[in-house]
There are 2 protein chains.
Amino acid sequence: MPDSTRQRRPFRREGPDLRRRELIDATLRVIASRGMDAATVRTISEEAGVTPGLIRHYFETKEDLLGAAYDQHMTTLIEMSQQAVEDASQPAVRRLARFVETTLSTPVTDPEALQLWAGFIQRVRRDEAMRRIHRTNYHSFLSCLEELISGALAARGRRPSPDDLKRLTIASNAVVDGLWLEGSALPEMLGPDELTSIALDAIGAILGLDGLNDDLRKELDK
Amino acid sequence: MPDSTRQRRPFRREGPDLRRRELIDATLRVIASRGMDAATVRTISEEAGVTPGLIRHYFETKEDLLGAAYDQHMTTLIEMSQQAVEDASQPAVRRLARFVETTLSTPVTDPEALQLWAGFIQRVRRDEAMRRIHRTNYHSFLSCLEELISGALAARGRRPSPDDLKRLTIASNAVVDGLWLEGSALPEMLGPDELTSIALDAIGAILGLDGLNDDLRKELDK
DNA sequence: CCTGTTGTTATTCGCCTGTATAACAACAGA
DNA sequence: TCTGTTGTTATACAGGCGAATAACAACAGG
């Protein structure tokens, strides 16, 4: 029974970019906290504080909204990683250690991040646009790591062949990915410090770089 | 417009265990090939060649069916891993190499396996029963790997402390997990041979075991 | 203050979902 | 051959989904 005396809900007009951004952020929040199943137009619009119809004013379909959300999420993650690395005045070994530490700490390593990742990876398989975003991001991450590894090895006077460098990078990336997975899925098992420490020991062994772990620890303690 | 002349669909009676198993297998096939979104009672029953109502005759809710499917899937994976390891007559180092190779080959490393994993991991977070299955499986996998590593190190006369052994196991497991992830998500990037080779080199470096890769390769060539 | 634009709400639609219930028929046992 | 059990089909229902449409109102430009 509708209440005919009820006023129409008041609202503010927002610039198109701001509102669009709000809808994307709300989408990511919903997926992260309640899973992809809960990400309906009604739930998302409620999270954003607007009515469901508004989503269709900014996105032609719900699929478009999800694509935009995935894109923004990935871009944010990449920027976060590269930010931890951009200070070229630091020694290469230390920049590598920082990169690993950032990836294995919140908010990158987090149950909600895993929820986002698992939700999106299912769509990646069937949606070409999402697959492109995924591939681009992966290569960007890998080449960032490769540059760091190359620099760290060069600082010790080592110049591996391109093929060897690629294999070392993939192996190091696997260590980070695997620990990210375990840290996100079972957060109570390993703290971020232990995660980082194990990762640095392992990557140090793979690359033949001793002191990777000590270097970071020294810096953190100061 | 219903066709009143249409006959009722004929059927065969199956023993309860067989039918139940068919429904679970159909569920896994649907999730693996078309994603968790497609796993509706209608799609699953069609895949199994029965009508939707039958699902409720064997499972109280759809959630129960998904839980049973997750349980069976995980059990199968564990048995597959342990099977690759059970031949105690082989040297410990070779058994470790075999374990890694099995995990990084189809059907364990496969886009469909990733689809299953991603679909279930979202439910793990909110369903206590699924979380228990998940945790149990993870520990089982880890302790299997720990035993192999312990044996391989002992064969070289090394006896690390329990804490060191645990850290080495977690790092080695991360290599396998990370490469499993990359091999499943981007199968065209790295073939199973390359995946295994990178994993064995990396784990060999982490554990300080040389020849892990050569050992397996020699055996495969013969 | 007035007016046009358009961001926003409200309402509706058809479809699909999981679940409930009743009718039916395959097979077992007599 | 008959009969009872129950595995299986058929049908119905309430609710939620994404999407379309129309009505409204906030703000900008005059």
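- The separation between A/L65 atom CG and D/dC17 atom C1' is 15 Å, rounded to whole Å.
- Taking A/R9 as the reference, nothing meets the salt bridge (Lys or Arg N to Asp or Glu O under 4.0 Å) condition, with sequence neighbours excluded.
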Sequence neighbours excluded and cut-off under 3.5 Å, please list the side-chain donor-acceptor pairs for residues 79-86 of chain A, or say none.
from: A/S81; atom 1: OG; to: A/L77; atom 2: O; distance (Å): 3.3

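- Per the geometry, CD belonging to B/E60 stands 16 Å off P belonging to C/dG18, to the nearest Å.
- Looking at which nucleotide of DNA chain C each of B/R12 and B/T61 is closest to, the 5′-most match is held by B/T61.
- Listed by chain and residue number, nothing satisfies the side-chain hydrogen bond (donor to acceptor under 3.5 Å, both in side chains) test with B/H73 (two or more places apart in sequence, or in another chain).
- Non-hydrogen atoms lying under 4.0 Å from DNA chain D are contributed by B/V50, B/T51, B/G53, B/L54, all within residues 45-56 of chain B.
- A/R126 is linked by a side-chain hydrogen bond (donor to acceptor under 3.5 Å, both in side chains) to nothing, counting only residues two or more places apart in sequence or in another chain.
- Whole-Å rounding puts the A/E14 CD to D/dC27 P distance at 9 Å.
- In terms of modelled atom types and a separation under 3.5 Å, the side chain of A/T40 and the main chain of A/T43 share a donor-acceptor contact.
- For C/dG7, the OP1/OP2 oxygens have no side-chain nitrogen or oxygen of A/Y58 closer than 4.0 Å.
- A sub-4.0 Å separation between OP1 or OP2 of D/dT8 and a side-chain N or O of B/H57 is absent.
- In this structure, the side-chain hydrogen bond (donor to acceptor under 3.5 Å, both in side chains) partners of B/R19, at least two apart in sequence or on a different chain, are B/E22.
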Which atom pairs, one a donor and one an acceptor, fall under 3.5 Å between side chains of residues 50-61 of chain B and the rest of the protein, sequence neighbours left out?
from: B/R56; atom 1: NH1; to: B/E60; atom 2: O; distance (Å): 2.3
from: B/T61; atom 1: OG1; to: B/E63; atom 2: N; distance (Å): 3.3
from: B/T61; atom 1: OG1; to: B/D64; atom 2: N; distance (Å): 3.2

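- Distance CZ (A/R20) to C1' (C/dG7): 15 Å, rounded to an integer number of Å.
- Within the nucleic acid shown, B/F59 has no heavy atom closer than 4.0 Å to any nucleic acid atom.
- Annotation: side-chain hydrogen bond (donor to acceptor under 3.5 Å, both in side chains) contacts of A/E47 (sequence neighbours excluded): A/R29.
- Annotation: side-chain contact (heavy atoms from CB on, under 4.5 Å) contacts of A/P187 (sequence neighbours excluded): A/P111.
- Using a 4.0 Å cut-off, no side-chain N or O of B/R19 falls inside it from OP1 or OP2 of D/dG7.
- Rounded to a whole Å, the CZ atom of A/R21 is 20 Å from the P atom of C/dG7.
- Contacts with DNA chain D (heavy atom under 4.0 Å) in residues 117-131 of chain A: none are found.
- The shortest side-chain heavy-atom distance between B/R123 and B/M36 falls under the 4.5 Å cut-off.
- Every residue two or more places apart in sequence or in another chain that forms a salt bridge (Lys or Arg N to Asp or Glu O under 4.0 Å) with A/D201 is listed here: B/R167.
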Give every pair of a protein N or O atom and an N or O atom of nucleotides 12-17 of chain C that lie under 3.5 Å apart, one pair per line with the distance.
none

